Trainee: 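Below you'll find the structure I mean.
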Amino acid sequence: MLRMRYRYRTICLSLAFFTVFVHLLLVLVSLPINQQSCDPPLTPRTNILRELAHKDQSSVGSDGPAEASTGRQASSKDARKDARKDARKDARKDARGGFVPMDVSSVTERALESDQRKMEALFDHPLYNMPVPVPEEDWLLKVKPRVHSSDKSSRMWVSANEEDNEDIRWNSSSDSHPPWLRFHLGISRWQLFAHRDQNMAALTQQIATQRVVSAVQKSGGTQLKLVMTFTNYGQALLKPMKQERDEETNYNLYYFSDFERHNAEIAAFHLDRVLGFRRVPPVVGRLVDVVEEIKDVTTDRKLARTFFTSPVGSVCFYGQCSYYCSTEHAVCGRPRLMEASLGVMLPDLSLAPRRTWRSPWRRSYSRTKMAKWETDPDYCSSVKKTPPYNKGTRLLDFMDMVILDFLMSNMDRHHYDTFEKFGNNTFLIHLDNGRAFGRHSKDEPSILVPLEQCCRIRRSTWLRLRLLSLPGYRLSDVMRASLSHDALQRVAPLLSQPHLSALDRRLQTVLQTVSLCEERKRREEGDEDQVIYDDITHLKGEEPPAG
């Protein structure tokens, strides 16, 4: 018994010594590993920065192996520090609701390059480059020639505050004009700007970046809008961000109860240009500093009294308007930066008077009543007999606007404007598109009722729509490419993929509607040609059939 106890004790001591030996061996093996740097997990953005840092250092080798190795080690530490600093900065931005630029993958870049090629091919197509001569009387504005030329008279406008505005000498030469003035002088009878207008890039760049010297609230309307003035005397209409891009309109809300969307104004400008209309004034996105670019420069006392700081430290304001101007509907920065759309202002009414027309297919704006066109299928017959739709191209211009509104699901087209100078023979200005792009999951067929009832469309419009339905010019792809040039696209896509897909779906509905019109005219009157108005023959100098 004593021998067994001794043997058991010997085995236990042997096992203990073996365990201690194994632990010491593991410590010696793992010691070099512990001396290596151990960085915390990095965000995807930081990993990209680290890879870029290593790529930059790999190109260093001309100074010799030793120097290159030392430089790589030092730069690697600096890169890790910068990466961690950027990660912490991004985390702080996320915490306060700031705007973090998106990381664009190589796959997305290749897709965008393909979309850009489609847009370039579309704008190079003959349908977008038909010669349109502009007689002298078809320009909206003209530069009045000076009778006496002198240094003093060449300075046409001078600011009373030299610190706020640029000291620019303007004369009859277009080279001396700021971009907004060149835009005004480029408005003609049939469009706001030319297809290949070289001034567009400078104009949109100015609105997106130039310093703001004044901000006042625009009177009228149900929602908050500001008139922003820049250092070169240009002006733009600001509409602030009211809701997130992907937030769909509540199905229980009526169309006239919805908030306006800043990204809808931007997307409407691009869609109008892609369709070849060019009847929406240029609109760009911008991150506006609520304090520096609105509160500190406003001379509007009523607006200034509505600024306040929210419980989380964001600077907010709400202005004064009919419905949505209260603390419950305030516009806030994050904490100071605010997304907004800025649309170029049209020429002053004293220089270019405009006439406002009530839409014949205007909705009732009532929760219980219906408009006449909603109950009378032959409503268009009476419209065709009523001025100004009984002659000229007014009805065709209206159909263009109907197609635009259906594609972007805008139900709020109660009025439209024209320039008085051109009378009835001119285009319709597609203003106020803030309630567009509210829903992507549902199409609104009532917007197309004017086209269904009248069965009339321009041949140029019809051909461009068919072109945009082809895979090589797909509307959604071209729109994605066009929107990518806007400054706010770096924050987030201005239109989500469901909205872009909805454009393709709705385009097919428009094409089907025109085809059904042709079938109906062929069946009832034996003449399908009454649906398509041949404006292309007119552009070639020949007389078209009566429209």
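Heads up: numbering here begins at 1 and tracks the sequence. Quick caveat, the model's predicted, so the values are computed rather than measured.
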Trainee: Would you say Ser482's side chain and Val478's backbone share a donor-acceptor pair under 3.5 angstrom?
Mentor: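 Side chain of Ser482 to backbone of Val478, a donor-acceptor pair under 3.5 Å: no, none is there.
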
Trainee: Using the rule given for salt bridge (charged side-chain N to carboxylate O under 4.0 Å, His left out), can you reason through Arg505 versus Asp443, listing the C-alpha separation, both sets of side-chain angles and the distance that settles it, and then say yes or no?
Mentor: CA-CA 9 Å; Arg505 183 180 69 243; Asp443 302 339; 2.8 Å; yes

Trainee: Donor-acceptor pair, distance only, cut-off 3.5 Å: does the side chain of Asp535 make one with the backbone of Ser460?
Mentor: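 Yes; at least one donor-acceptor contact below 3.5 Å.
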
Trainee: Has the side chain of Ser484 got a donor or acceptor atom that lies under 3.5 Å from a matching backbone atom of Ala481?
Mentor: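 Judged by distance alone, yes, a pair lies under 3.5 Å.
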
Trainee: Looking at Arg413 and Arg363, would you say the former's side chain and the latter's main chain have a donor-acceptor pair under 3.5 Å?
Mentor: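 Pair absent, no side-chain N/O of Arg413 close to backbone of Arg363.
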
Trainee: For Glu120 and His125, which I'm curious about, is there any donor-acceptor pair between the side chains at under 3.5 Å?
Mentor: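 There is no such pair (donor and acceptor under 3.5 Å, judged by atom type) between the side chains of Glu120 and His125.
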
Trainee: Which atom names give the shortest non-hydrogen contact between Ala202 and Arg182, and what distance separates them?
Mentor: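 Where Ala202 meets Arg182 most closely, the heavy atoms are CB-NH2, 4.4 Å.
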
Trainee: Do you see a donor-acceptor pair shorter than 3.5 Å between the side chains of Arg456 and Gln530?
Mentor: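 Absent: no donor and acceptor within the cut-off.
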
Trainee: In Å and rounded to the nearest 0.5 Å, what is the CE to CE distance from Met119 to Met479?
Mentor: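 Answer for the CE-CE pair, Met119 versus Met479, is 11.0 Å.
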
Trainee: Start with the C-alpha distance between Phe230 and Gln235, add both sets of side-chain angles, then the distance that settles side chain to side chain contact (heavy atoms under 4.5 Å, CB included), and finish with yes or no.
Mentor: CA-CA 6 Å; Phe230 305 106; Gln235 290 187 323; 5.8 Å; no

Trainee: If the threshold is 4.0 Å, N to carboxylate O, is there a salt bridge linking Lys442 and Glu444?
Mentor: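 Yes.
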
Trainee: Ion pair present between Asp400 and Arg458, side-chain N to carboxylate O less than 4.0 angstrom?
Mentor: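 Here Asp400 pairs with Arg458 in a salt bridge, since their nearest N and O are under 4.0 Å apart.
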
Trainee: Go through the steps for Glu248 and His499 under the test side-chain hydrogen bond (donor to acceptor under 3.5 Å, both in side chains), then give the verdict.
Mentor: CA-CA 10 Å; Glu248 279 200 290; His499 277 297; 5.9 Å; no

Trainee: Side chains of Ser446 and Glu374 only: does a donor on one sit below 3.5 Å from an acceptor on the other?
Mentor: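 No donor-acceptor contact under 3.5 Å links the two side chains.
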
Trainee: What distance separates Gln508 CD from Leu503 CG, expressed to the nearest 0.5 Å?
Mentor: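 The distance works out to 12.0 Å.
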
Trainee: Side chains of Asn424 and Thr418: closer than 4.5 Å at any heavy-atom pair?
Mentor: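 Side chain of Asn424 against side chain of Thr418, heavy atoms only: no contact under 4.5 Å found.
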
Trainee: Test your reading of the model: is there a side-chain donor-acceptor pair from Asn263 to the backbone of Leu494, 3.5 Å cut-off?
Mentor: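 Yes, Asn263 side chain to Leu494 backbone: donor-acceptor pair under 3.5 Å.
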
Trainee: Would you say that Leu287 contacts Met338 through its side chain, given a criterion of any heavy-atom pair below 4.5 Å between the two side chains?
Mentor: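 Sidechains of Met338 and Leu287: no contact.
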
Trainee: Any chance you could measure Trp180, atom CH2, to Met345, atom CE, to the nearest 0.5 Å?
Mentor: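 Answer rounded to 0.5 Å: 11.5 Å.
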
Trainee: Are Val280 and Leu192 side-chain neighbours, meaning at least one heavy-atom pair lies under 4.5 Å?
Mentor: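 Result no, sub-4.5 Å side-chain heavy-atom pair not found.
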
Trainee: Do the ring planes of Trp357 and Tyr416 sit parallel (below 30°), tilted (30 to 60°) or perpendicular (above 60°)?
Mentor: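 If you compare the ring of Trp357 with that of Tyr416, the planes turn out parallel.
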
Trainee: Would you check if the side chain of Arg189 reaches a backbone N or O of Phe422 as a donor-acceptor pair within less than 3.5 Å?
Mentor: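 Checking the backbone N and O of Phe422 against the side chain of Arg189, a donor-acceptor pair under 3.5 Å is found.
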
Trainee: Taking the side chain from His415 and the backbone from Ser359, do they hold a donor-acceptor pair closer than 3.5 Å?
Mentor: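 No, the answer is negative, given that no donor and acceptor are paired below the 3.5 Å cut-off.
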
Trainee: Are any non-hydrogen side-chain atoms of Leu500 and Gln497 less than 4.5 angstrom apart?
Mentor: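 Leu500 reaches Gln497 side chain to side chain.
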
Trainee: Using modelled atom types only, decide if a donor and an acceptor are shared between the side chain of Asn199 and the backbone of Pro179 within a distance under 3.5 Å.
Mentor: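 Yes; judged by distance alone, with no hydrogens or angles, the pair exists.
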
Trainee: Between Leu407 and Leu275, is a side chain to side chain contact (heavy atoms under 4.5 Å, CB included) present by the stated rule, with each step listed?
Mentor: CA-CA 10 Å; Leu407 290 176; Leu275 294 174; 3.9 Å; yes

Trainee: Is a side-chain donor-acceptor pair under 3.5 Å present for Ser341 with His262?
Mentor: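 Distance-only check fails for His262 and Ser341.
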
Trainee: Taking 4.0 angstrom as the limit, do Arg394 and Asp397 come out as a salt bridge?
Mentor: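 Looking at Arg394 and Asp397, the cut-off is not met.
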
Trainee: Mind checking the CZ-CG spacing from Phe427 to Leu396? Nearest 0.5 Å is all I need.
Mentor: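 Those atoms lie 16.0 Å apart.
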
Trainee: Do Lys242 and Arg261 make a side-chain contact, defined as non-hydrogen atoms from C-beta onward lying under 4.5 Å apart?
Mentor: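 SC-SC contact between Lys242 and Arg261 ruled out.
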
Trainee: Strictly under 6.0 Å, is that where the ring centroids of Trp361 and Phe398 end up?
Mentor: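 Under 6.0 Å, so yes.
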
Trainee: Looking only at non-hydrogen atoms, find the nearest pair between Phe277 and Gln191 and report the distance.
Mentor: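 So the minimum-distance heavy-atom pair works out to O-CB, 4.3 Å.
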
Trainee: Any ion pair linking Lys239 and Glu265 (charged N to carboxylate O, less than 4.0 Å)?
Mentor: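 Judged by the 4.0 Å cut-off on N to carboxylate O distance, Glu265 and Lys239 do form a salt bridge.
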
Trainee: Which atom names give the shortest non-hydrogen contact between Ala340 and Pro240, and what distance separates them?
Mentor: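 Closest approach of Ala340 to Pro240, heavy atoms only: CB-CA, 4.1 Å.
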
Trainee: Which atoms form the tightest heavy-atom contact between Val283 and Phe269, and what is the distance?
Mentor: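 Distance-wise, the nearest heavy atoms are O-CD2, 3.5 Å.
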
Trainee: Mind checking whether Leu237 and Pro281 have side chains closer than 4.5 Å, heavy atoms only?
Mentor: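 When only atoms from C-beta onward are counted, Pro281 and Leu237 do not touch, as no gap falls below 4.5 Å.
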
Trainee: Within the structure provided, determine whether Ile536 and Leu463 are in side-chain contact (heavy-atom separation under 4.5 Å).
Mentor: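 Of all side-chain heavy-atom pairs linking Leu463 with Ile536, at least one is under 4.5 Å.
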
Trainee: Is there a donor-acceptor contact under 3.5 Å linking the side chains of Asp504 and Ser476?
Mentor: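 Looking only at side-chain atoms, Ser476 and Asp504 do form a donor-acceptor pair, the distance falling under 3.5 Å.
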
Trainee: From Ser382 OG over to Asn390 CG, what is the distance, rounded to the nearest 0.5 angstrom?
Mentor: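 Going from OG on Ser382 over to CG on Asn390, the span is 12.0 Å.
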
Trainee: Give the intermediate values and the outcome of side chain to side chain contact (heavy atoms under 4.5 Å, CB included) for residues Tyr324 and Leu224.
Mentor: CA-CA 7 Å; Tyr324 299 110; Leu224 178 67; over 6 Å; no

Trainee: Any chance the side chains of Ser515 and Glu519 put a donor and an acceptor closer than 3.5 Å?
Mentor: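 There is no such pair between these side chains.
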
Trainee: Please give me the minimum heavy-atom distance between Ala352 and Pro347, naming the atom from each residue.
Mentor: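 That closest heavy-atom pairing would be CB-CB, 4.0 Å.
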
Trainee: Taking it one step at a time, do Lys142 and Glu137 satisfy salt bridge (charged side-chain N to carboxylate O under 4.0 Å, His left out)?
Mentor: CA-CA 10 Å; Lys142 299 177 183 178; Glu137 63 272 14; over 6 Å; no

Trainee: Under 4.0 Å between a side-chain nitrogen and a carboxylate oxygen: does that hold for Glu293 and Arg286?
Mentor: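 The answer is yes: the pair qualifies as a salt bridge.
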
Trainee: Distance from Lys225 atom NZ to Lys218 atom NZ, nearest 0.5 Å?
Mentor: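 If we round to the nearest 0.5 Å, Lys225:NZ and Lys218:NZ are 6.0 Å apart.
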
Trainee: Measure the shortest side-chain to side-chain distance between Phe193 and Leu203 over non-hydrogen atoms and say whether it is less than 4.5 angstrom.
Mentor: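 No, every pair of side-chain atoms sits at 4.5 Å or beyond.
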
Trainee: Using 4.0 Å as the upper bound for N to carboxylate O, is an ion pair formed by Arg245 and Glu339?
Mentor: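 Salt bridge between Glu339 and Arg245, a charged N being under 4.0 Å from a carboxylate O: yes.
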
Trainee: Just by distance, do the side chain of Arg273 and the backbone of Arg279 share a donor-acceptor pair under 3.5 Å?
Mentor: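 Between the backbone of Arg279 and the side chain of Arg273 there is no qualifying donor-acceptor contact (under 3.5 Å).
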
Trainee: Which atom names give the shortest non-hydrogen contact between Val134 and Trp139, and what distance separates them?
Mentor: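 Shortest heavy-atom separation between Val134 and Trp139 comes out as CG1-CE2, 3.4 Å.
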
Trainee: Report yes or no: does Tyr379 contribute a side-chain atom to a donor-acceptor pair with the main-chain N or O of Cys454 at less than 3.5 Å?
Mentor: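 No; judged by distance alone, with no hydrogens or angles, the pair does not exist.
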
Trainee: So, are Asp534 and Arg459 salt-bridged, with charged N and O less than 4.0 Å apart?
Mentor: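 Judged by the 4.0 Å cut-off on N to carboxylate O distance, Asp534 and Arg459 do form a salt bridge.
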
Trainee: Could you give me the CA-CA distance, side-chain angles and deciding distance for Asp417 and Arg354, then say whether salt bridge (charged side-chain N to carboxylate O under 4.0 Å, His left out) is met?
Mentor: CA-CA 6 Å; Asp417 287 16; Arg354 299 194 300 270; 3.6 Å; yes

Trainee: Surrounding NZ of Lys384 (heavy atoms of other residues, nucleotides or ligands, distance under 6.0 Å), is the total greater than 12?
Mentor: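 Counting neighbours around NZ of Lys384, more than 12 heavy atoms of other residues, nucleotides or ligands fall under 6.0 Å, so yes.
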
Trainee: Would Asp432 and Glu260 count as a side chain to side chain contact (heavy atoms under 4.5 Å, CB included) if you check the C-alpha gap in whole Å, the side-chain angles of each, and the deciding distance to 0.1 Å?
Mentor: CA-CA 9 Å; Asp432 198 9; Glu260 293 185 350; 3.6 Å; yes

